[in-house]
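Every number for a ligand or one of its atoms is a count from 1 in the order of the listing.
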Amino acid sequence: MAVLVTGGAGYIGSHTVLALLARGDEVVVLDNLSNASAESLRRVARLSGKAPRLIEGDIRDRQRLRDLLATGAIQSVIHFAGLKAVGESTREPLAYYQNNVSGTLVLLEEMRRAGVSQLIFSSSATVYGAQASVPYVETAAIGGTTSPYGTSKLMVEQILRDAARADSRFTAIALRYFNPVGAHPSGEIGEDPHGIPNNLLPYIAQVAVGRLPALGVFGNDYDTPDGTGVRDYIHVMDLAEGHLKALDALPRQAGYRAYNLGAGRGYSVLEMVRAFEQACGQSLPVTIKARRDGDLAAFWADASLADRELDWRVSRGLAEMMADTWRWQQNNPHGYR
Ligand code: NAD
Ligand code: UD1
């Protein structure tokens, strides 16, 4: 029996597929390649010595899913597929609800039809919204999201909760990621954003490799130790391992559960820059800019629930996140292209 990984050619998906193959699981990837390249999975195959099956297709293509699930070969689904750019989601909300919410509905309906009842979903710390206090804990209220992207994650969490309540055979885990960074230590796979990066670490890495002139720091007047934003950065391999732990926990669980996946501590933007300078051995040009709309001052995870119930915790620190990001960026200055 295989694990179906939707969005498995993307950043977090490709690292998770590698971790699944490395421990001997069979994997089928469904990805429309809208934000990924098949090259990521060719490299995963080289690293693992096993080729995941890639089906180039869309989660909204009901017939495609029906045919795939009807083979009876799929036992569980890890669902990464979706759009993830916060700024773009405010300009193109319908595309975000269409891919992230409608796409998930098609997937859930076809899973139910085929009797596939185990799902892991990629959620985000953004579901806690602007009103939550830190550290974020799963018992806190969710909602008050500030972008269609965040709202799409919130809606899917609600759908999963309701679906599990209505059907006792269906079990689902939502993993609320904090800020994924880093790359596989081989430097062969990593994050490959199209265009100018929105997120901090890919931006810093592209400055270091000479693709961008300087990092703009979005505000240095927050109520934080050095005035810059504080986030909970988590190594993508720790995140990938969290999916394996969640997959193993699914058969022991009933209904719907949500877990934070974070390191449980925060670093500021300037701490991240300094740590990257250590890794790449050069100083990086930085300019202070205005705050970015929608940004919060500081948040990090209480990740103790995943520790207790999934037996999961991070094992990689800041220096490793930076060294692995830099190796990937240096070896692949233009990503997979
Ligand atoms: P990514 O864009 O690298 O991966 C998403 C993959 O899904 C891509 O390969 C893309 O081609 C594919 N895809 C998109 N729409 C699809 C569709 N309709 N049908 C089939 N495939 C489709 O992003 P990522 O960083 O690997 O994120 C994976 C998941 O984790 C996403 O759901 C994202 O919202 C969520 N997440 C990411 C972060 C982060 O910082 N990277 C944080 C929180 C949550
Ligand atoms: C962003 C999204 C969030 C999403 C997460 C992971 C927004 C408002 N939020 O979170 O919903 O789940 O990415 O994909 O977009 N920074 C700079 N300069 C830069 C880039 C970032 O100073 O060029 C700062 C930001 O202000 C923030 C920190 O770096 O303080 C991290 O930013 P980023 O990597 O974009 O992640 P989040 O804002 O936490």
Side-chain angles (χ1 to χ4, degrees), residues 5-16 29-38 40-41 55-61 64-65 78-90 95-96 98-100 102-104 106-107 121-128 130 145-147 149-150 152-153 156 174-181 191-194 196-204 206-207 212 214-220 222 224 228-234 236 239-240 243 261 266-270 272-273 286-300:
V5 182
T6 75
Y11 171 43
I12 305 167
S14 57
H15 290 80
T16 304
V29 171
L30 176 66
D31 197 306
N32 67 5
L33 301 182
S34 61
N35 196 39
S37 149
S40 66
L41 293 180
I55 299 172
E56 194 178 330
D58 197 293
I59 53 167
R60 294 166 295 172
D61 182 345
R64 179 57 80 78
L65 270 173
I78 305 182
H79 178 33
F80 293 105
L83 304 180
K84 65 162 183 177
V86 175
E88 182 184 66
S89 79
T90 61
Y96 276 69
Q98 173 64 233
N99 276 271
N100 297 4
S102 302
T104 303
V106 174
L107 174 65
F121 171 63
S122 300
S123 189
S124 165
T126 195
V127 299
Y128 289 104
T145 44
T146 52
S147 71
Y149 167 74
S152 75
K153 294 292 177 189
V156 171
L175 297 175
R176 295 177 181 156
Y177 311 157
F178 281 68
N179 289 57
V181 297
E191 188 170 7
D192 181 20
H194 293 168
I196 308 269
N198 297 308
N199 297 117
L200 178 65
L201 205 56
Y203 204 108
I204 294 178
Q206 291 197 13
V207 171
L212 293 168
L215 172 73
V217 174
F218 297 146
N220 66 350
Y222 284 106
T224 60
T228 65
V230 169
R231 296 291 183 272
D232 182 336
Y233 296 93
I234 171 175
V236 66
L239 192 58
H243 291 76
L261 294 187
Y267 290 103
S268 74
V269 174
L270 293 179
M272 295 295 282
V273 172
V286 161
T287 57
I288 305 297
K289 293 201 168 158
R291 292 181 178 193
R292 179 172 66 181
D293 271 355
D295 270 357
L296 300 176
F299 62 84
W300 58 93

*Identity of the nearest option to atom 3 (C) of ligand 2, non-hydrogen atoms only, from Ile12, Val86, Thr90*: Val86

*So is Ser124 in contact with ligand 2, going by heavy-atom distances below 4.0 Å?*
yes

*Out of Tyr149, Tyr11, Phe80, whose heavy atom sits nearest atom 36 (N) of ligand 1?*
Tyr149

*Look only at interatomic distance and state if Asn179 has a nitrogen or oxygen under 3.5 Å from any nitrogen or oxygen of ligand 2.*
yes

*Report the nearest protein non-hydrogen atom to atom 28 (C) of ligand 2: residue, atom name, distance rounded to 0.1 Å.*
Tyr233 OH, 3.6 Å

_ligand 2 N/O within reach of Val217 N/O, cut-off under 3.5 Å_ = no

*Heavy atom under 4.0 Å from ligand 1: found in Lys153's side chain, backbone, both, or neither?*
side chain

*With atom 14 (O) of ligand 2 as the reference point, say which of Asn199, Ile196, Thr145, Thr126 has the nearest heavy atom.*
Asn199

*Under 4.0 Å from a heavy atom of Leu33: give me the atoms of ligand 1 that qualify, with their elements.*
11 (O)

_Return the closest protein heavy atom for atom 9 (O) of ligand 1 as residue, atom name and distance._
Asp31 OD2, 2.6 Å

*In the protein, which heavy atom is nearest to atom 13 (N) of ligand 1, and how far is it?*
Asn32 OD1, 3.4 Å

*Applying side chain to side chain donor-acceptor pair (under 3.5 Å), run through Tyr149 and Glu88 and close with a yes or a no.*
CA-CA 9 Å; Tyr149 167 74; Glu88 182 184 66; over 6 Å; no

_Close approach, Arg292 and ligand 2, non-hydrogen under 4.0 angstrom_ = yes

*Identify the closest protein heavy atom to atom 34 (O) of ligand 2: which residue and atom is it, and at what distance?*
Leu200 N, 2.8 Å

*asked:* Using heavy-atom distances only, which candidate in Thr6, Asn99, Ile12 approaches atom 26 (O) of ligand 1 most closely?
replied: Ile12

*Mark up the atoms of ligand 2 that fall under 4.0 Å of a heavy atom belonging to Asp295, in ascending order.*
8 (C), 25 (C), 26 (O), 38 (O)

*Report yes if Leu296 has an N/O atom closer than 3.5 Å to an N/O atom of ligand 2; otherwise report no.*
no

*asked:* Suppose we measure from atom 1 (P) of ligand 1 to each protein heavy atom; which comes out shortest, and what is that distance?
replied: Asn35 ND2, 3.8 Å

